[in-house]
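Numbers restart at 1 for each chain; the letters A, B, ... are given by sequence-line order, proteins then strands.
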There are 2 protein chains.
Amino acid sequence: MLSAGKKPTRKPPKLRDPERTRQRLLQAAFREVYRYGFQSAGIDTILAATDVTKGALYYHFKSKEALGYAIIEEIVAEMTHDRWLRPLQRSRDKNPIDALIGVVQAIPHQPRDVKGGCPLVNLTQEMSQLDKEFRKRLERIFHGWHEGVTTVLRRGQHQGTVRRDLVPEETASFLIAMVEGYEVLAKNAQDAKVWNTGIRNIVGWLNSLRAPGNRRRG
Amino acid sequence: MLSAGKKPTRKPPKLRDPERTRQRLLQAAFREVYRYGFQSAGIDTILAATDVTKGALYYHFKSKEALGYAIIEEIVAEMTHDRWLRPLQRSRDKNPIDALIGVVQAIPHQPRDVKGGCPLVNLTQEMSQLDKEFRKRLERIFHGWHEGVTTVLRRGQHQGTVRRDLVPEETASFLIAMVEGYEVLAKNAQDAKVWNTGIRNIVGWLNSLRAPGNRRRG
DNA sequence: CAACATGCATACTGGTTGGTATGTTGTCAG
DNA sequence: CTGACAACATACCAACCAGTATGCATGTTG
């Protein structure tokens, strides 16, 4: 314990760091699932990508499904927050339409991202029908997303910057559907140009939501 | 054997009917792939769904991939033709917007279809990134779809029933993206109501494409 | 230091998978 | 009737795969 001298708050070469191990597994698993889908993702492949062993993995996650749930709750949910909810909340003062345009334009558009598609859509397409637990968690994310967009639109209506004749909930769904629809098109084409064109059209449509007298372009 | 007379053009109880066997395999394989995805679809499951044996399958298709390609080329492509291209072509006399609305509203919306999603999107999401041969065939279908919608929109512009300020190609992509986006949303929710709401909004948007003076509603 | 749980490593298993080798039968030409 | 080929049927295989049993090292606590 305290026989030999100096050792106050010392933990230099951490041999054991369970939280770090868990995170590395999660990240590697996410990449594998993102690429091949959940069902076709291989446990052994994930382990090979890290230098973690099977014993460690099954210590942190009790099954492949549990690993999948953690990916959704800790990674995919976080991505949605980072890219949509937080930016929208941080723009309380700005015009909501401008905020939405900013968010849409900030969606990653590197070839790598376009070719991989949207993680949320990928998992939904594959698993919603097959596994209730997956669906529940994925829907929670969709719901938060939808709520965030709805809220900002409603705020715009109060401000007078967003047209009053449209229903915030349905307009939010419309936007989300468009974003995901274009991601599917771009993924099929495996071409970032398709995505960029989509963004242009989405932005054009977003501009059409401005209340008269608050138009930027037309 | 042939002592008794009549036998002109006789082929009564064919025990062997290779074309029928092939079709049954294709249909069963499509259902399996539609449900579980291509990678997770099991050859043995497909065989169990029919009463065909493995020898027969590998006589007609040289590999699982070949079976997948046939599904795309002979079933998915045919569905797109039936639901979009042929109806649009057959409506040469009608208003293009009305034709598009009709087609969109005619998309299957039984719970079973909504929960399964769009076969084209399912396969695209799963395979476009992983297999060039899949992607090539899927893109051919998308291209035909896009072309069909573009053509009908352009015709509407010549007729004067469709707004001249919009670009037919981009408007077609916009429509396709929306249809698929809403299918993804509905599939995630596993709820036909989501799809019906989506249709209403798509129809509303389609109505906004009418040239002034040709409006139905506004 | 002992005792004990945490964190991880290794070897193994039972079941499933796509694919094949080989045998058998239906079909039809000659 | 008889090959001969097309259209299957059956048995089998090697590879893979999620999961587990077991053991060992590390850190903590009394």
- For the pair B:His60 and B:Thr21, evaluate side chain to side chain donor-acceptor pair (under 3.5 Å) and give the outcome as yes or no after the intermediate values. CA-CA 9 Å; B:His60 288 283; B:Thr21 304; 4.9 Å; no

Under 30°, 30 to 60°, or over 60°: which ring-plane class applies to B:Phe174 and A:Phe174, parallel, tilted or perpendicular?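 Because their plane-to-plane angle lies in the 30° to 60° range, the rings of B:Phe174 and A:Phe174 count as tilted.
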
*Fit a plane to each ring of B:Trp84 and B:Trp145, take the angle between them on a 0 to 90° scale, and name the class: parallel (under 30°), tilted (30 to 60°) or perpendicular (over 60°).*
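If you compare the ring of B:Trp84 with that of B:Trp145, the planes turn out tilted.
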
Nearest whole Å is fine: how far is [N] [atom2] from [X] [atom1]?
| X | N | atom1 | atom2 | result |
| --- | --- | --- | --- | --- |
| A:Phe61 | C:dG7 | CZ | C1' | 14 Å |
| B:Arg16 | D:dA4 | CZ | P | 18 Å |
| A:Gln23 | C:dG7 | CD | C1' | 16 Å |
| B:Asp17 | C:dG26 | CG | C1' | 13 Å |
| A:Leu57 | D:dT20 | CG | C1' | 13 Å |

| query | Among residues 63-71 of chain A, which contact DNA chain D at a heavy-atom distance under 4.0 Å? | reply |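 Close to the strand are A:Ser63, A:Lys64, A:Glu65.
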
Does any residue of residues 26-56 of chain B have a heavy atom under 4.0 Å from DNA chain D, and if so, which ones, in number order?
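Heavy-atom contacts with DNA chain D come from B:Thr53, B:Lys54, B:Gly55, B:Ala56.
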
**Prompt:** Taking five pairs at each end of the helix from C:dC1-D:dG30 to C:dG30-D:dC1, what angle separates the two helix axes (nearest 10°)?
**Reply:**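 The end-segment axes of the helix from C:dC1-D:dG30 to C:dG30-D:dC1 are tilted 10° relative to each other.
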
Exercise for the section: Report the residue from B:Thr124, B:Asn188, B:Asn122 that forms a side chain to side chain donor-acceptor pair (under 3.5 Å) with A:Gln125. Expected result: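 Considering B:Thr124, B:Asn188, B:Asn122, a side chain to side chain donor-acceptor pair (under 3.5 Å) with A:Gln125 is found only for B:Asn122.
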
> When rounded to the nearest 0.5 angstrom, what distance separates NZ in B:Lys187 from OG in A:Ser128?
Replying inline: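 If I round to the nearest 0.5 Å, the distance is 7.5 Å.
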
Query raised in the report: Does A:Arg86 come within less than 4.0 Å of A:Glu78, counting only side-chain N to carboxylate O?
Result: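 Counted as a salt bridge, because a side-chain N and a carboxylate O are separated by less than 4.0 Å.
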
Do NZ/NE/NH1/NH2 and the carboxylate oxygens of B:Arg154 and B:Glu169 come within less than 4.0 Å?
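A salt bridge is present here (some side-chain N lies under 4.0 Å from a carboxylate O).
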
Verdict with reasoning, A:Arg24 to A:Asp51, per salt bridge (charged side-chain N to carboxylate O under 4.0 Å, His left out): CA-CA 9 Å; A:Arg24 297 187 54 196; A:Asp51 50 356; 3.0 Å; yes

**For B:Glu74, salt bridge (charged side-chain N to carboxylate O under 4.0 Å, His left out) partners two or more places apart** =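 Applying salt bridge (charged side-chain N to carboxylate O under 4.0 Å, His left out) to B:Glu74 gives B:Arg22.
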
Among pairs that include at least one residue of residues 40-50 of chain A, which meet side chain to side chain donor-acceptor pair (under 3.5 Å), considering only residues two or more places apart or in two chains?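 Every pair satisfying side chain to side chain donor-acceptor pair (under 3.5 Å) with a residue in residues 40-50 of chain A: A:Ser40-B:Gln39, A:Asp44-A:Lys54.
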
Presence of [X] side-chain N/O under 4.0 Å of [N] phosphate oxygens OP1/OP2:
| X | N | value |
| --- | --- | --- |
| A:Thr21 | C:dC8 | yes |
| B:His60 | D:dA6 | no |
| B:Tyr59 | D:dC8 | no |

* **For A:Glu73, side chain to side chain donor-acceptor pair (under 3.5 Å) partners two or more places apart** =>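 With sequence neighbours excluded, A:Glu73 shows a side chain to side chain donor-acceptor pair (under 3.5 Å) to A:Arg137, given in chain and number order.
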
